[in-house]
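Letters A, B, ... mirror the listed sequences (proteins, then strands); counts begin at 1. Just so it is clear, the model here is predicted, and its values are computed rather than measured.
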Amino acid sequence: MDFINEIAALIKIDGADDRDVRTTVTVAADSAFGDYSLPCFRFAKTLKKPPAEIAAALQREISSDLPEFIERVDAAGGYLNFTLDKSFFARSVMNGIFEKGADYGASDDGAGRTVCIDFSSINIAKPFHIGHLGTTVIGAALCRIFKKLGYNVVGINHLGDFGTQFGKLITAYKLWGDRDDIERRGLRALADIYVRFHKEEEENPALVAVAREWFLKIERGDSEALELFGFFKDVTMKEVEKTYVRLGVSFDSYAGESFYSDKMQPVIDELRQKKLLTVSDGASIVDLSEYGMPPCLILRNDGASLYATRDLATIFYRKKAYGFDKCLYVVAYQQNLHFKQVFKVVELMGYPFYKDLIHVAYGMVSLEDGAMSTRKGNMVYLSDVLDKAKEKALKIIAEKSPDLKDAEDAAEAVGTGAVIFGALINNRIKDNVFSYDKILNFDGETGPYLQYTCARCNSVLEKAGVRISYDKIRGIEASFSDGTESFNSRHIAGGEAYELVKLLGKYPEILRSAMKNYEPSLVTRYLVDTAQSFNRFYIADKILDGDVSVKAARVVLTAAVMSVIKNGFEIIGVKPVERM
RNA sequence: GGGUCUGUAGCUCAGUCGGAUAGAGCAACGGCCUUCUAAGCCGUUUGUCGGGGGUUCAAAUCCCUCCAGGCUCGCCA
């Protein structure tokens with residue numbers, strides 16, 4: 001139940017409408033005050049009374065007829081503080097978690113609505129590096145969040161599989177390529193000849209003309225060119241798929257740039273017909289000066305299409321094919337202007353759904369010694385990062401849990417978990433300087449910390465003789481209580497236990513907020529808060545101790561924590577670990 | 001120069017549609033394993049919330065302005 005709304009409904013203030021009251025009710029700054037508060041200062045003017053007096057008067061009114069979910073109401077200075085009935089509240093939260101299990105926090109808010117999410121969008125024949133980590137895990141998390149809230153989600157990997165770069169690659173391959181080497185070393189071998197091309201090009205500019213020729217051959221459907229391009233694409237997809245599997249990421253569509261190469265002409269025609277296209281320096285542009293933006297380039301002076309042209313074709317195709325209610329682009333903020341321009345052009349073309357196009361921008365990754373560059377071969381491969389993280393996890397396991405079975409699996413989960421967590425803990429707009437020291441830190445606010453907490457829960461539950469899975473969680477409370485009591489305030493008397501219950505109750509709201517703000521870090525951060533709270537509880541209140549009913553309640557609470565953490569793990573793509 | 005984002009503890013960051021003493025983690029130092037996983041917990045220490053104005057009963061949060069940094073500004077994507 002929504003306690004803020006329930007509480008707001010109790011409060012009647014002359015001259016203030018219900019909405020004012022509802023938006024003023026807040027979560028209490030400190031549990032010592034209560035659970036929720038109404039600061040009365042803003043009503044002082046209309047009521048012509050000091051805030052403290054208003055609070056006191058409201059306190060008298062409301063106290064006379066308290067609903068069962070409120071234990072007490074206090075006036076403190078200008079604040080009116082509400083303390084919930086802990087038993088009622090805890091039961092309400094626990095029941096929600098046990099009844100819904102894996103569906104806790106789910107809703108049908110998005111029923112009948114479709115959202116397209118364009119993310120990861122790697123380039124064929126180029127390294128899958130740490131720069132791609134952000135878009136990949138943020139996009140995947142957003143897909144899961146929207147799905148959980150009832151939306152139909154289409155995850156799209158908009159492949160970079162079009163452009164002169166492929167002409168360059170074929171040229172390089174014809175000159176120095178070795179098919180066996182490429183089959184063996186994959187993207188690294190392709191990167192090598194690509195780098196070499198750029199080096200040799202400086203001394204031999206004629207190579208560029210050769211590259212252009214090869215790209216034209218691809219476009220014209222020349223069989224050799226297509227065969228080679230297909231080969232590069234196969235090599236790429238085979239290799240990146242392994243990394244996607246490790247990250248737990250999948251897509252509904254891989255339609256990339258080349259897919260739209262024959263879908264641009266109608267857009268160009270429509271722009272012309274709507275008199276939006278003007279010619280400037282030989283190029284065709286949409287003038288956006290009226291909106292304080294540089295022009296959007298549609299056709300080069302040689303008539304070739306551009307990035308924006310393809311993005312427009314993509315938008316109209318997706319609208320037609322999926323009928324999206326929202327289309328998200330999880331793309332780095334370097335392209336802020338590009339998307340602003342393209343969306344503006346859609347608006348100028350007269351399509352109201354321009355409002356549903358959203359650029360979910362995220363910060364850039366750089367190396368400690370500067371920016372990454374494919375051409376210079378200066379980059380960190382994502383698969384290397386995952387490998388090193390696993391290796392480190394394996395080392396720690398050997399130290400701390402030498403008897404662990406399935407150490408390999410645990411290390412893979414923990415290492416990958418650390419990497420994913422690192423990309424999802426901060427607000428997505430923040431820049432990131434990559435360092436192995438940082439990403440391989442497993443102490444404090446990290447993925448392994450969350451997994452460790454999960455393993456701790458699991459261990460307690462095993463000792464308690466409870467095997468937890470979502471479908472079985474429902475019976476636990478019954479089997480552990482002595483039959484005469486259900487979850488009540490005595491069981492959560494310790495401050496830590498109650499704080500934990502409050503946090504668990506917040507999860508559904510966190511998911512909604514993460515969706516609204518396109519911000520998976522809210523979920524990650526919430527999991528950290530919950531894990532911290534559980535670990536404090538674990539130390540403060542010995543779980544498998546005390547009388548039968550207190551013990552039962554604590555075990556139930558532990559099961560609830562594990563359930564919610566696993567639930568959150570599914571969202572952010574971190575794998576739970578039973579032992580580590 | 002225009003646009004835009006960022007600026008909070010030594011470092012990395014939460015908190016920002018205004019609310020009660022500004023919070024975590026890392027790093028440092030000191031405690032806690034006679035048994036629910038010490039990848040943990042507790043304690044100590046550190047703040048001109050970039051500067052200055054303004055609005056308000058109340059500002060890290062809203063407005064103005066300045067400063068610093070990132071990104072971006074026609075034929076790459």
Would you mind telling me which of [options] lies closest to the side-chain atoms of [X]?
X: A:L544; options: B:C41, B:C36, B:U6; answer: B:C36
X: A:M364; options: B:C41, B:G70, B:C36; answer: B:G70
X: A:F33; options: B:A77, B:G15, B:A20; answer: B:A20
X: A:D30; options: B:C26, B:A77, B:U21; answer: B:U21
X: A:Y79; options: B:C5, B:A20, B:U37; answer: B:A20
X: A:R579; options: B:A39, B:C5, B:U37; answer: B:U37
X: A:Q532; options: B:A39, B:A24, B:C71; answer: B:A24
X: A:R536; options: B:C36, B:G74, B:C42; answer: B:C42
X: A:N426; options: B:G74, B:C13, B:G25; answer: B:C13

Does [X] pair with [Y] as a salt bridge, N-O distance under 4.0 Å?
X: A:E391; Y: A:K388; answer: no
X: A:D20; Y: A:R22; answer: no
X: A:R579; Y: A:E462; answer: yes
X: A:K390; Y: A:E408; answer: yes

Quick one: [X] [atom1] to [N] [atom2], roughly how many Å, whole number?
X: A:Y538; N: B:G40; atom1: OH; atom2: C1'; value: 8 Å
X: A:L522; N: B:A14; atom1: CG; atom2: P; value: 10 Å
X: A:F442; N: B:G40; atom1: CZ; atom2: P; value: 12 Å
X: A:F534; N: B:A39; atom1: CZ; atom2: P; value: 15 Å
X: A:D20; N: B:G19; atom1: CG; atom2: P; value: 16 Å
X: A:N301; N: B:C76; atom1: CG; atom2: C1'; value: 14 Å
X: A:L297; N: B:A77; atom1: CG; atom2: P; value: 11 Å

Provide the Watson-Crick or G-U wobble partner of [N], both distances under 3.5 Å; none if there is no partner.
N: B:C26; value: B:G10
N: B:C41; value: B:G31
N: B:U21; value: none

[X] vs [Y] aromatic rings, parallel, tilted or perpendicular, using cut-offs 30° and 60°?
X: A:Y260; Y: A:Y317; result: perpendicular
X: A:H198; Y: A:Y194; result: perpendicular
X: A:Y79; Y: A:F41; result: perpendicular

- Task: Compare the ring of A:Y333 with the six-membered ring in the base of B:C5 and state whether they stack (centres under 5.5 Å, planes under 30°).
- Result: no

- For A:Y449 and B:G40, is the gap between ring centres under 5.5 Å while the planes differ by less than 30°?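 Per 5.5 Å and 30° rule: no stacking.
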
- Task: Would you mind classifying the nucleic acid contact of A:K542 as base, sugar-phosphate or nothing, using non-hydrogen atoms under 4.0 angstrom?
- Result: base

- Message: Against the six-membered ring of A:F259, is A:K263 placed for a cation-pi contact (under 6.0 Å from the centre, within 45° of the normal)?
- Response: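 Yes, A:K263 lies over the aromatic ring of A:F259.
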
- Query: Do A:R428 and A:Y518 meet the cation-pi criteria used here (NZ or CZ under 6.0 Å from the six-membered ring centre, within 45° of the axis)?
  - Reply: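 No, A:R428 does not lie over the aromatic ring of A:Y518.
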
- Taking syn as any angle within 90 degrees of 0 and anti as the rest, which one fits B:G15? anti

- Assign B:C33 to syn or anti; the rule is syn for a glycosidic angle within 90° of 0 and anti otherwise.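 You should classify B:C33 as syn.
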
Does [X] make a side-chain N or O approach to OP1 or OP2 of [N] shorter than 4.0 Å?
X: A:R456; N: B:A38; result: yes
X: A:K430; N: B:A14; result: yes
X: A:K438; N: B:G25; result: no
X: A:Y526; N: B:A14; result: no
X: A:N336; N: B:C73; result: no
X: A:N427; N: B:A14; result: yes

Heavy-atom donor-acceptor pair, [X] side-chain to [N] base, under 3.5 Å:
X: A:N81; N: B:A20; value: yes
X: A:S37; N: B:A20; value: yes
X: A:T24; N: B:G19; value: no

- Message: Go nucleotide by nucleotide along RNA chain B from the 5' end; which of A:V577 and A:P39 gets its closest nucleotide reached first?
- Response: A:P39

- Item | Given RNA chain B, 5'-ward residue of the pair A:P294 and A:C40, judged by closest heavy atom |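 The residue closer to the strand's 5' end, by nearest nucleotide, is A:C40.
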
- Which value, in whole Å, describes the distance between the P atoms of nucleotides B:G19 and B:A27?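 Taking atom P in both B:G19 and B:A27, they lie 33 Å apart.
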
- Residue pairs passing the side chain to side chain donor-acceptor pair (under 3.5 Å) test with at least one member in residues 284-297 of chain A, sequence neighbours excluded, are A:D287-A:S289

Restricting both atoms to N or O, compile the protein contacts to nucleotides 56-63 of chain B shorter than 3.5 Å, with distance only.
{"from": "B:C57", "atom 1": "OP1", "to": "A:K45", "atom 2": "NZ", "distance (Å)": "3.3"}

